[in-house]
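Protein chains get the first letters and strands the later ones, always in sequence-line order, with residue 1 at the start of each.
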Amino acid sequence: MVKSLLEEVMTVSLRRGILYPSAEIYGGLAGFYDFGPIGTRIRNHLVNLWRTRFVENRDFVYEVSGNTLLPSPVFKASGHLNHFTDPSAECSKGHVTRVDTLIEERLKIPAEGKTDKELEAIIQEHKLRCPVCGDPLKEVKSFGLMFGTNVGGERRQAFLRPETAQNIFLGFKRVQTAMRAKLPFGVAQIGRSYRNEISPRQGIVRVREFGQMEIEYFINPDQLNDCPLFEDLAQVSLNFVTREAQEKAMKKSSTDYASIQLTVHEAIKKKVVPNQWMACILGDEVEFFKHLGIPEKAIRFRHMRPEETPHYSGGNFDLEIHLSFGWKEVIGNAYRRDHDLQSHMKGSQKDLSLDIEGKKVVPHVIEPSFGIDRLIYAILEHTYRPKDDTRGWTWFQIPNTLAPYHAVILPLLNRPELEEKASTLFSVCKQQGLAVIYDASGRIGRRYARADEIGIPKAVTIDPQSLEDETATIRDRDTGNQTRHLISQIPIILKP
RNA sequence: GCGGUCGUGGUCUAGUGGUUAUGAUUUCGGCCUUCCACGCCGAAUACCCGGGUUCGAAUCCCGGCGACCGCACCA
């Protein structure tokens, strides 16, 4: 059996404790994965890296942490509820039809608020058929995107959020007043979201519960071309797929889109992006990605086509990563104008505008939204190194900043003197805040292999010479080369 | 959701109605050993779940669950 790269990476991940199916001993549940001990470490490192760059290093970004379960009026206002509980039916040929609109159009009967069963009864009664091919329609199902439940004694309807963003809009006024924030400012959130995908696919790339790292940048609509990050990011080079390039390719019924290379500065000048803020946000992402081990040529920004974006969008740019099964969205960058705040103003009857020089201003929003799980998969796939002639085992060339541990400490031989020295070094490293593990079992080559397989960048070996001159070797994961250092210096050398 | 392929120790795998269910590797214990899974000995661990057919099912049938691929879906 030939395994796809996806299956290979998933198998290694399973074996090495990176991730595994949720509730696996009960057969699992499609679209749900747990991170194991190694995966959790990598995930935490990724999240920390993100937080450091986009929150801690910015004095105008505040991080919040919202609940995943929210009452239904939130999603009525946001539009998720209407958009995602369309009752549909399928015919025997597989055409899916929205039955509420069908009933209203054909029979002039209002379908609003009817249950699936009631709609099905109407279809049966009036013998409605598939509008495409005329075949009979099967049972009516609501393909709801959101997981719903009921809360408390009153059984109030609530849903698991399909994106982290809503909490930020809901708490917008609180954050702004509490932090005395002036436009522009950002509110960040790292959390989980839920979408009841019809068919999850490709391991952790399309799952039903997933992690997101999002920022809503709130910007005065008059200052969209006045981004404080511009100076730092103007020269960052971006790879764009324009709408024109997509149209051109689609005419030839190809999905092989041509891309163009532009700096942040040029992208603004040539109006490839709607405003300076958007360009800077994209540039910021490219800079962040330089630390993740994904080659630059595997990253592009695709301008979403009009039919892919909602009416209120001022331009969406997906950061896509090339994976073994094609280009995949990993970050959605959406210029949402004032849509979200306006919707919640209407829905809640609360004023979410800001007073700026005596004028009521509803900020515009640009939202970069990172999918944590697919980003981790992309990192794993791009840093995965299969067995070859030089190395008889698979390994991950994960950047040091993301690797699960800084180093592994190994006594070369099974001798008390060596083990004692090694475990002393191990304790010292831990005291110095290094993430290290200790491994004394099996022959040395096997232990190097074990460390490589989870991407540990350095292996420190205590050998008989260590007893004589207080030195030890450091093996580099990427080259296999060893260098000898004073043991007292090793914790300093290992510091990232 | 539809269709195709598939489901055996942690991993990979042999096994087309009756086997102590194959082998490798991993893991663990022991020995050996001055550095890249490739020295030796030993041990542990498996037929996805539920029904059915049959004297007897890992094997055949039905249903479910899960994986991969294609279509559809992915505001």
Side-chain angles (χ1 to χ4, degrees), chain A residues 1-8 10-17 20-33 36 75 78-86 88-96 138-139 141 143-146 162-163 165 195-203 205-208 210 304 307-313 316 325 328-329 332 334 336 339 371 374 387 390-395 410-415 418 441-453 459-468 472-477 479-482 484:
Chain A
M1 198 176 84
V2 179
K3 274 199 172 182
S4 64
L5 184 55
L6 168 83
E7 288 171 288
E8 239 179 86
M10 290 302 283
T11 304
V12 178
S13 300
L14 193 69
R15 197 173 66 232
R16 297 273 77 133
Y20 42 82
S22 301
E24 193 183 9
I25 59 168
Y26 288 101
L29 187 57
F32 294 89
Y33 285 87
F75 301 109
S78 72
H80 289 94
L81 207 47
N82 280 336
H83 220 285
F84 279 103
T85 49
D86 301 337
S88 310
E90 204 178 352
C91 74
S92 48
K93 290 201 177 70
H95 303 115
V96 177
K138 290 190 255 181
E139 79 269 56
K141 281 183 188 166
F143 290 114
L145 170 90
M146 292 190 292
E163 57 177 20
R195 294 180 195 181
N196 201 358
E197 300 279 354
I198 293 170
S199 60
R201 282 290 158 92
Q202 289 142 343
V205 171
R206 235 175 93 201
V207 280
R208 290 179 166 136
F210 54 98
M304 298 281 96
E307 68 269 24
E308 295 177 298
T309 43
H311 65 275
Y312 52 80
S313 169
N316 286 22
F325 42 85
K328 204 81 204 171
E329 175 199 353
R336 304 175 63 91
H339 172 79
R374 16 179 95 178
K387 284 184 204 192
T390 59
R391 216 177 289 213
W393 55 89
T394 66
W395 55 295
L410 312 162
L412 178 62
L413 302 166
N414 189 7
R415 280 199 225 150
L418 294 182
S441 114
R443 297 174 83 81
I444 193 71
R446 178 169 301 176
R447 285 180 274 158
Y448 288 146
R450 274 200 288 252
D452 280 359
E453 249 190 336
V460 179
T461 308
I462 301 290
D463 59 11
Q465 194 183 326
S466 308
L467 301 174
E468 291 161 22
T473 60
I474 299 180
R475 170 187 178 274
D476 180 71
R477 175 197 65 199
T479 61
N481 293 341
Q482 283 181 310
R484 191 167 275 280

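Distance check, rounded to the nearest 0.5 Å: CZ of A/F32 to CD of A/E24 gives 15.5 Å. A distance of 4.0 Å separates CZ in A/R484 from CG in A/D463, rounded to the nearest 0.5 Å. Expressed to the nearest 0.5 Å, how far CG of A/L6 lies from OG1 of A/T11 amounts to 8.5 Å. Annotation: the span from A/T461 atom OG1 to A/Q482 atom CD amounts to 5.5 Å, rounded to 0.5 Å.
Of the residues near RNA chain B, A/E468 and A/R15, the one whose nearest nucleotide (by heavy atom distance) lies more toward the 5' end is A/R15.
Across all non-hydrogen atoms, the minimal contact from A/F210 to A/P162 is CZ-O, 4.0 Å. When all heavy atoms of A/I198 and A/R208 are compared, the closest pair comes out as O-NH2, 3.2 Å.
Rounded to an integer number of Å, the gap from CG of A/D452 to P of B/C35 is 18 Å. With rounding to whole Å, A/R443 atom CZ is found 9 Å from B/C35 atom P. Look at CD on A/E453: it is 10 Å from C1' on B/U26, rounded to the nearest Å. Rounded to an integer number of Å, the gap from A/I198 CD1 to B/G70 P is 17 Å. What separates CG of A/L412 from P of B/U33 is a distance of 13 Å, to the nearest Å. The interatomic distance linking A/E24 (CD) with B/G10 (P) rounds to 9 Å, in whole Å.
Close to B/C28, at under 4.0 Å from its OP1 or OP2, lies a side-chain N or O of A/S441. A close approach under 4.0 Å does not occur between any side-chain nitrogen or oxygen of A/R206 and OP1 or OP2 of B/C73. Distances shown here put every side-chain N or O of A/R415 at or beyond 4.0 Å from the OP1 or OP2 atom of B/U33.
Across all strands, A/E163 comes closer than 4.0 Å to base atoms (heavy-atom distances). Among the protein residues, A/T473 comes within range of the nucleic acid bases, having at least one heavy atom under 4.0 Å from a base atom. Counting any heavy atom pair closer than 4.0 Å across all strands shown, A/Q482 reaches a base atom. Within 4.0 Å of A/G392, counting heavy atoms only, lies at least one base atom of the nucleic acid. Among the atoms of the strands shown, base atoms are found under 4.0 Å from some heavy atom of A/N414. Among the heavy atoms of the strands, none lies under 4.0 Å from A/G442. Using a 4.0 Å heavy-atom criterion, one finds that A/L410 contacts no nucleic acid atom at all. Within 4.0 Å of A/E307, counting heavy atoms only, lies no atom of the nucleic acid at all.
Summarising the base pairing, B/A46 is matched to no nucleotide, lacking a Watson-Crick or G-U wobble pair whose two defining distances lie under 3.5 Å. The partner of B/C31, taking Watson-Crick or G-U wobble pairs whose two distances both stay under 3.5 Å, is B/G39. Searching all strands for a Watson-Crick or G-U wobble partner of B/A24 with both distances below 3.5 Å returns B/U11. B/A67 and B/U5 make up a base pair, with Watson-Crick or G-U wobble contacts both under 3.5 Å. Nucleotide B/A57: unpaired (no Watson-Crick or G-U wobble partner with both distances less than 3.5 Å). When Watson-Crick and G-U wobble pairs are counted only if both distances are under 3.5 Å, B/G17 pairs with no nucleotide at all.
Looking at A/R16, its side chain has no donor and acceptor atom pair within 3.5 Å of the base of B/G10. Within 3.5 Å, no donor on the side chain of A/E197 pairs with an acceptor on the base of B/C74, nor the reverse. For B/A72, the base has a donor-acceptor partner in the side chain of A/S199 [N/O atoms by modelled type, under 3.5 angstrom]. For B/A67, its base never sits under 3.5 Å from the side chain of A/E7 at any donor and acceptor pair. Between the side chain of A/Y448 and the base of B/C35, at least one donor-acceptor pair of N or O atoms lies under 3.5 Å. Checked by distance alone, A/R475 brings a side-chain donor or acceptor within 3.5 Å of a matching partner on the base of B/C36.
Comparing atom distances between the A/A449 side chain and each of B/U11, B/A37, B/C73 picks out B/A37 as nearest. When distances are taken from the side chain of A/H80 to each of B/A75, B/A67, B/C35, the shortest belongs to B/A75. The side chain of A/R446 approaches B/U27 more closely than any other nucleotide in the set B/C36, B/U11, B/U27. Checked against B/C35, B/U34, B/C2, the side chain of A/P464 finds its nearest nucleotide in B/U34. Residue A/R201 places its side chain closer to B/G70 than to any other of B/G66, B/G70, B/A37. Which of B/U27, B/C38, B/A72 sits closest to the side chain of A/R450 comes down to B/U27. Checking B/G66, B/C35, B/C69 against the side-chain heavy atoms of A/L6 singles out B/C69 as nearest.
Rounded to a whole angstrom, the distance from the P atom of B/G42 to that of B/G63 is 47 Å. For the P atoms, the distance linking B/G10 with B/C48 amounts to 12 Å, nearest Å. For the C1' atom pair drawn from B/G1 and B/A72, the interatomic distance equals 8 Å after rounding to whole Å. Comparing the P positions of B/U8 and B/A67 gives a spacing of 14 Å, expressed to the nearest Å.
Screening A/R391, A/R16, A/R477, A/R447 for a salt bridge (charged side-chain N to carboxylate O under 4.0 Å, His left out) involving A/D452 leaves a single residue, A/R391.
Between A/H339 and A/Y312, the angle of the ring planes stays under 30°, which puts this pair in the parallel group of the 30/60° scheme.
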